[in-house]
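Okay, so here's the structure we're looking at.
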Amino acid sequence: MTELDNWFDQAMSAETYINDMEKHKENLENVYNNFAIPADEAFFRRLENKNLRAIVITEDWCGDAMMNTPILMRLAEKSHMEVRMLLRDSNLELMDQYLTNGKSRSIPIIIFIDENGEEVTHWGPRSEFVQKEVDELMAGLPDKESPEYKDEFTKKISVLTQRFSTEAELWQSAYQSMKKKLEDNL
């Protein structure tokens with residue numbers, strides 16, 4: 001059994017994760033219920049034939065995870081892929097193998113593994129399009145030492161949460177990014 005098989009076996013089901021959510025549960029369910037997954041049947045069959053599984057490193061307070069997890073879940077349903085969740089803050093040993101830009105514990109990180117427990121690829125924490133949107137929104141924040149920083153940051157996070165939970169364009173961007181990453185590694 002590989003190390004990633006061990007992590008997969010320790011992880012909770014997506015259903016358990018969602019049932020236990022204290023933040024963003026309604027937003028996650030909104031994305032899940034309203035995301036229109038494209039009719040990519042040939043892609044879904046190729047994925048299904050690879051017998052992939054997914055480990056999602058996540059936390060319920062994370063807006064990116066709130067938006068991207070239900071998109072992955074829809075993709076997984078179409079390709080019969082089992083998805084399991086690990087909480088980032090209690091699984092830093094795994095998280096620290098997937099740092100964004102080599103330094104940040106950004107989530108979600110989705111690790112796709114094959115039937116032998118080997119990593120096929122990983123994706124996260126967001127698509128390039130969403131990253132540009134976030135960068136634009138966060139531009140102009142006061143310096144972190146400024147007394148205005150916390151209020152301004154909180155306002156911008158609220159805007160992002162609203163956008164992440166309602167804008168289909170962002171959801172499609174995430175889906176297309178995941179799809180490309182998988183296609184490039186199938």
Side-chain angles (χ1 to χ4, degrees), residues 1-21 24 28 31-32 35 37-131 134 164 170-186:
M1 183 175 279
T2 69
E3 183 182 349
L4 287 172
D5 274 327
N6 287 332
W7 287 109
F8 186 83
D9 288 346
Q10 292 175 47
M12 70 185 97
S13 69
E15 182 179 89
T16 297
Y17 170 74
I18 293 166
N19 287 338
D20 291 349
M21 286 181 79
H24 292 310
L28 182 144
V31 175
Y32 180 81
F35 170 61
I37 194 162
D40 285 334
E41 293 310 315
F43 170 62
F44 301 143
R45 295 301 65 84
R46 281 197 314 279
L47 266 186
E48 185 175 13
N49 290 336
K50 292 293 183 181
N51 294 316
L52 298 183
R53 297 170 285 158
I55 301 168
V56 182
I57 305 172
T58 188
E59 288 286 347
D60 73 348
W61 46 258
C62 175
D64 285 292
M66 170 267 294
M67 179 177 79
N68 293 315
T69 299
I71 293 164
L72 170 67
M73 289 169 58
R74 287 293 188 198
L75 172 61
E77 288 166 3
K78 290 287 192 178
S79 59
H80 302 99
M81 181 187 315
E82 188 175 355
V83 176
R84 301 258 184 105
M85 314 298 218
L86 284 172
L87 299 179
R88 179 193 76 176
D89 295 346
S90 50
N91 294 283
L92 295 178
E93 180 184 339
L94 182 62
M95 176 71 245
D96 287 349
Q97 296 175 46
Y98 295 92
L99 299 177
T100 301
N101 300 323
K103 60 182 183 202
S104 176
R105 290 177 173 158
S106 301
I107 50 175
I109 297 294
I110 303 165
I111 308 162
F112 296 96
I113 60 175
D114 65 18
E115 54 202 357
N116 299 317
E118 299 298 325
E119 181 178 330
V120 173
T121 192
H122 66 276
W123 182 91
R126 54 175 70 122
S127 72
E128 286 181 32
F129 176 77
V130 172
Q131 185 62 54
V134 170
F164 283 1
L170 299 180
W171 307 341
Q172 290 298 331
S173 157
Y175 170 78
Q176 292 300 329
S177 177
M178 278 181 216
K179 178 183 174 187
K180 179 170 183 358
K181 188 77 179 232
L182 284 161
E183 283 184 322
D184 289 350
N185 292 282
L186 286 181

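All residue numbers refer to positions in the sequence shown, counting from 1.
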(request) Could you walk me through whether Asp89 and Met95 pass side-chain contact (heavy atoms from CB on, under 4.5 Å), step by step? (result) CA-CA 8 Å; Asp89 295 346; Met95 176 71 245; over 6 Å; no
(request) Could you check if a side-chain atom of Glu59 sits within less than 4.5 angstrom of a side-chain atom of Met85, using non-hydrogen atoms only? (result) no
(message) Do Gln172 and Phe129 have side chains that approach each other closer than 4.5 Å (heavy atoms only, starting at C-beta)?
(response) no
(request) List for me each residue that meets side-chain hydrogen bond (donor to acceptor under 3.5 Å, both in side chains) alongside Arg88, sequence neighbours excluded, and say none if there are none. (result) none
(message) Less than 4.5 Å apart, side chain to side chain, heavy atoms only: is that true for Asp64 and Ser106?
(response) no
(request) Could you tell me which non-hydrogen atom of Val56 sits nearest to which non-hydrogen atom of Pro108, and how far apart they are? (result) CG1-CB, 4.1 Å
(request) Using the salt bridge (charged side-chain N to carboxylate O under 4.0 Å, His left out) rule, collect all pairs that involve residues 98-116, keeping only residues at least two apart or in two chains. (result) Asp96-Arg105
(request) For Ser177 and Ser127, test the side chains for any donor-to-acceptor distance below 3.5 angstrom and give the result as yes or no. (result) no
(request) Kindly give the heavy-atom pair with the smallest separation between Leu4 and Ile55, and that separation in Å. (result) O-CD1, 3.6 Å
(request) Report yes if some heavy atom in the side chain of Thr2 is under 4.5 Å from a heavy atom in the side chain of Ile113; otherwise report no. (result) no
(request) With rounding to the nearest 0.5 Å, note down the distance linking CG in Leu52 to CD in Glu82. (result) 12.5 Å
(request) Assess Arg74 against Phe35: is NZ or CZ under 6.0 Å from the centre of the six-membered ring, and within 45 degrees of the ring's axis? (result) no
(request) Applying side-chain hydrogen bond (donor to acceptor under 3.5 Å, both in side chains), name anything that partners Lys78, two or more places apart in sequence or on another chain. (result) none
(request) For atom CD of Glu128, decide whether the heavy atoms of other residues, nucleotides or ligands shown that lie under 6.0 angstrom number more than 12. (result) no
(request) Indicate the ring-plane relationship of Tyr98 and His122, choosing parallel, tilted or perpendicular according to the 30° and 60° boundaries. (result) perpendicular
(message) Phe112 vs Lys50, test: side-chain contact (heavy atoms from CB on, under 4.5 Å). Steps then yes/no.
(response) CA-CA 11 Å; Phe112 296 96; Lys50 292 293 183 181; over 6 Å; no
(message) Are Val120 and Leu182 packed together at the side-chain level, in the sense that at least one heavy-atom pair is separated by less than 4.5 angstrom?
(response) no
(request) Apply salt bridge (charged side-chain N to carboxylate O under 4.0 Å, His left out) to Arg46 and list each qualifying residue two or more places apart in sequence or on a separate chain. (result) Glu183
(request) Return the minimal non-hydrogen interatomic distance between Asn68 and Arg126, and the atom names on each side. (result) ND2-CA, 4.3 Å
(request) With the side chain counted from C-beta on, respond yes when Ile57 and Trp7 share a heavy-atom pair under 4.5 Å apart, and no when they do not. (result) no
(message) If you compare all heavy atoms of Ala76 against all heavy atoms of Val83, which two are closest, and at what distance to 0.1 Å?
(response) CB-CG2, 3.5 Å
(message) Let me confirm one number: the NZ-CH2 distance from Lys181 to Trp123, rounded to the nearest 0.5 Å.
(response) 10.0 Å
(request) Could you walk me through whether Leu87 and Tyr17 pass the side-chain contact (heavy atoms from CB on, under 4.5 Å) test, one step at a time? (result) CA-CA 9 Å; Leu87 299 179; Tyr17 170 74; 3.9 Å; yes
(message) Can you list everything that forms a side-chain hydrogen bond (donor to acceptor under 3.5 Å, both in side chains) with Thr16? Sequence neighbours excluded, please.
(response) Ser13
(request) Please confirm whether the backbone N or O of Ile111 pairs with a side-chain atom of Glu119, one donor and one acceptor, at under 3.5 Å? (result) no
(request) Hey, could you give me the CG/OG1 distance between Leu186 and Thr121, rounded to the nearest 0.5 Å? (result) 9.5 Å
(message) Holding to side-chain hydrogen bond (donor to acceptor under 3.5 Å, both in side chains), I want the full list of residues that pass it with Ser79, two or more places apart in sequence or in another chain.
(response) none
(message) Could you report the tightest heavy-atom contact between Phe8 and Ala54, atom names first, then the distance?
(response) CE1-O, 3.7 Å
(request) Mind checking the NZ-CG spacing from Lys179 to Asp184? Nearest 0.5 Å is all I need. (result) 11.0 Å
(request) Hey, could you give me the CH2/CD1 distance between Trp171 and Ile71, rounded to the nearest 0.5 Å? (result) 7.5 Å
(request) Please examine the side chains of Glu77 and Ile37, heavy atoms only from C-beta on, and report whether any two atoms are closer than 4.5 Å. (result) no
(message) Please report the interatomic distance CD(Glu15) to CE(Met73), rounded to the nearest 0.5 Å.
(response) 9.0 Å
(request) Compare every heavy atom of Ala65 with every heavy atom of Thr58, then report the nearest pair and how far apart it is. (result) OG1-CB, 3.1 Å
